[in-house]
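Worksheet: one structure, shown below.
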Amino acid sequence: MRTPIPDYLTEIQDSLRDDDQGAVADYIPALAEADPDLFAIALTTVAGRTYTAGDCDVEFSIQSMSKPFAYAAALTDRGEEFVGGRVGVEPSGEAFNELSLESDSHRPKNPMINAGAITTHQLLVGSGAKPAERVERALDLFSALAGRRLAIDEAVRDSELETADRNLAIAHMLRNYGILEDDPHEVVAGYTAQCSIRVSVRDIAVMAATLASGGIQPVTGEQVLDRATARKTLSVMASAGMYDAAGSWFNDVGIPAKSGVAGGLLGALPGQVGIGSFSPRLDAHGNSVRGIEVFRRLSTDMGLHLMDTESFGSHALRDIRVDADTTYLSLQGIIDFNGAEVVLHRLDEAPPETPTVIVDASRVERFSDVGRRMVIEGMRRLSLDGITVGLADPEERLPDPGLGDGTMPFIVPAQRTES
Ligand code: GLN
C-alpha cells in the first residue's frame, strides 16, 4: 500500500493552484523577482516523517518565520525574565512593521512584529556579543532545527538592507528608549541576515515539528530547545504570529503559525505535526494567500484546530476489583491530570475497605508528570490512612514511585492482577 497522505496534500494543492490573488512583496527588491506561481506544502509528524507536494525543494528566505526561532534562542540565551523585560507577549493588533512600542515600558508588544524581532535579535548570545556572533547563533540554531546546514541568501539580505529605512527607524526608536544597546545599523544588519536564511518547505515543516514535539527535533532526535521554551514560542505564535490577523486566524484555523514575506507559512500543532507552505503572493497583512487556504483546509479536513477535541472524559480507571483482603486498581492508557483525577475521585468517593490496595499500572501507556505526581500522592494518602499500598508495574511506567515519606509501595511481581 502507498500511504494516501501525499495524494491528499497534492489534492489540496490542485484545488488552490488557480488562485492568483495577492501580490509578491516588492518592498524588498529581490523578493519582487520571485516566481509567483511556485507552490509547495510539507507536513512533518512528531514521529519525524515528512510528506510533501509541489515545489518542495525550492529555497526561499525565511523572513519573519525566523522570529519565533530567534525568540526561542533569546529565551535560551538570556532567560525569560531578562527577555520579558525588553519584549512583551501581547498581541499588537498592528501591522508587522508598525512603529509602535508599549506606552509606559517602551517595550515592543511581542517578538513577532518587527520592533520585537529586532529587539530579540539583539538579545541573542549575550551582552557585548559581536554582530557576527548573533547571526551565527541564529544560523546554528535554525540549522539544528532543520537538521541540515542552512545558509544566508546574501543577495536577499543586501537587497533588503538597501531599503531598510523603516526597520532602521524602528531600531533608532528602540535605542532611544534604551531597549537596544548596540548600534541600530548593526542590529538591523544582523536581523536582516537572520531573515535571509534560506529554507525549503521541508525545512520549515521540520522546524515547526520540533516546536510541536516539545523541542525535540523529530528526525535527529536532538533536544534542540527545552520544552518550556518550545511551549512559550508556540504561545506567542498563537497570539501574535499572524500580526493584525492573529485573532481571525486562530478562530478559523487554530494552529499557532508564523508567516514570512517571501511567501512561507509555518504552523505547529503541539504533539502532532509541523506544517509548512510556500506560495509568494501575499494578502494585505503580508501573509501568503494560498498558504492561508492550505492551512484552512488542513485544519478543517484533518481536525487540526487546537481548540477542537474529541476526547470527552477519561477511561483511566479500567477496573476495580476486591479479592480477599486486597483491592486492585487497574489503570490504563495515558494518565495525565484528567486520568489521575478519575482515579483519585474514585478513591475519595468510595474509599477501599481492604487493608491492602494494589495499583496495577501494567496497562498504562504513560504517566504525564502531573499524572504521576497525583497518583503517587493518592498512594501516599492511602498509606497515611493505614492501608498497605502495592504497585504492579512490570514495564516501569511509573518512575520513582517513592511515596515522598521515605517509604515505597511494595512491588508486586510481573503478572496481570485482573481476573
Ligand atoms: N525582513 C522582513 C522585514 O523586516 C521580514 C518581514 C516579514 O516577513 N513579515 O521587513
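Read the numbers this way: they start at 1 and go in the same order the structure lists the ligands and their atoms. We number each residue from 1, following the sequence as shown. Just so it is clear, the structure is predicted and the values come from calculations on it, not from any experiment.
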What short N/O contacts, under 3.5 Å, does ligand 1 make with the protein, listed by atom pair and distance?
| from | atom 1 | to | atom 2 | distance (Å) |
| --- | --- | --- | --- | --- |
| ligand 1 | 1 (N) | Q63 | OE1 | 2.7 |
| ligand 1 | 1 (N) | E160 | OE1 | 3.0 |
| ligand 1 | 1 (N) | E160 | OE2 | 2.8 |
| ligand 1 | 4 (O) | N114 | ND2 | 3.0 |
| ligand 1 | 4 (O) | E160 | OE2 | 3.3 |
| ligand 1 | 4 (O) | N167 | ND2 | 2.9 |
| ligand 1 | 4 (O) | Y191 | OH | 2.8 |
| ligand 1 | 8 (O) | S64 | N | 3.0 |
| ligand 1 | 8 (O) | S64 | OG | 2.6 |
| ligand 1 | 8 (O) | V261 | N | 2.8 |
| ligand 1 | 9 (N) | S64 | OG | 2.7 |
| ligand 1 | 9 (N) | Y243 | OH | 3.1 |
| ligand 1 | 10 (O) | Y27 | OH | 2.5 |
| ligand 1 | 10 (O) | N114 | ND2 | 3.3 |

* Can you name the residues that form a salt bridge (charged side-chain N to carboxylate O under 4.0 Å, His left out) with K232, not counting sequence neighbours? -> E80
* To do: Could you tell me whether the side chains of Q217 and T210 share a donor-acceptor contact shorter than 3.5 Å?
  => no
* Pairs involving residues 196-222, ordered by first then second residue, that meet salt bridge (charged side-chain N to carboxylate O under 4.0 Å, His left out) (sequence neighbours left out) -> D57-R202, E59-R198, R148-D203, D153-R198
* To do: Apply salt bridge (charged side-chain N to carboxylate O under 4.0 Å, His left out) to R107 and list each qualifying residue two or more places apart in sequence or on a separate chain.
  => E102
* Backbone N or O of E181 within a donor-acceptor pair of the R175 side chain at under 3.5 Å? -> yes
* To do: Mark yes or no for whether Q223, through its side chain, and L225, through its backbone, hold a donor-acceptor pair below 3.5 Å.
  => yes
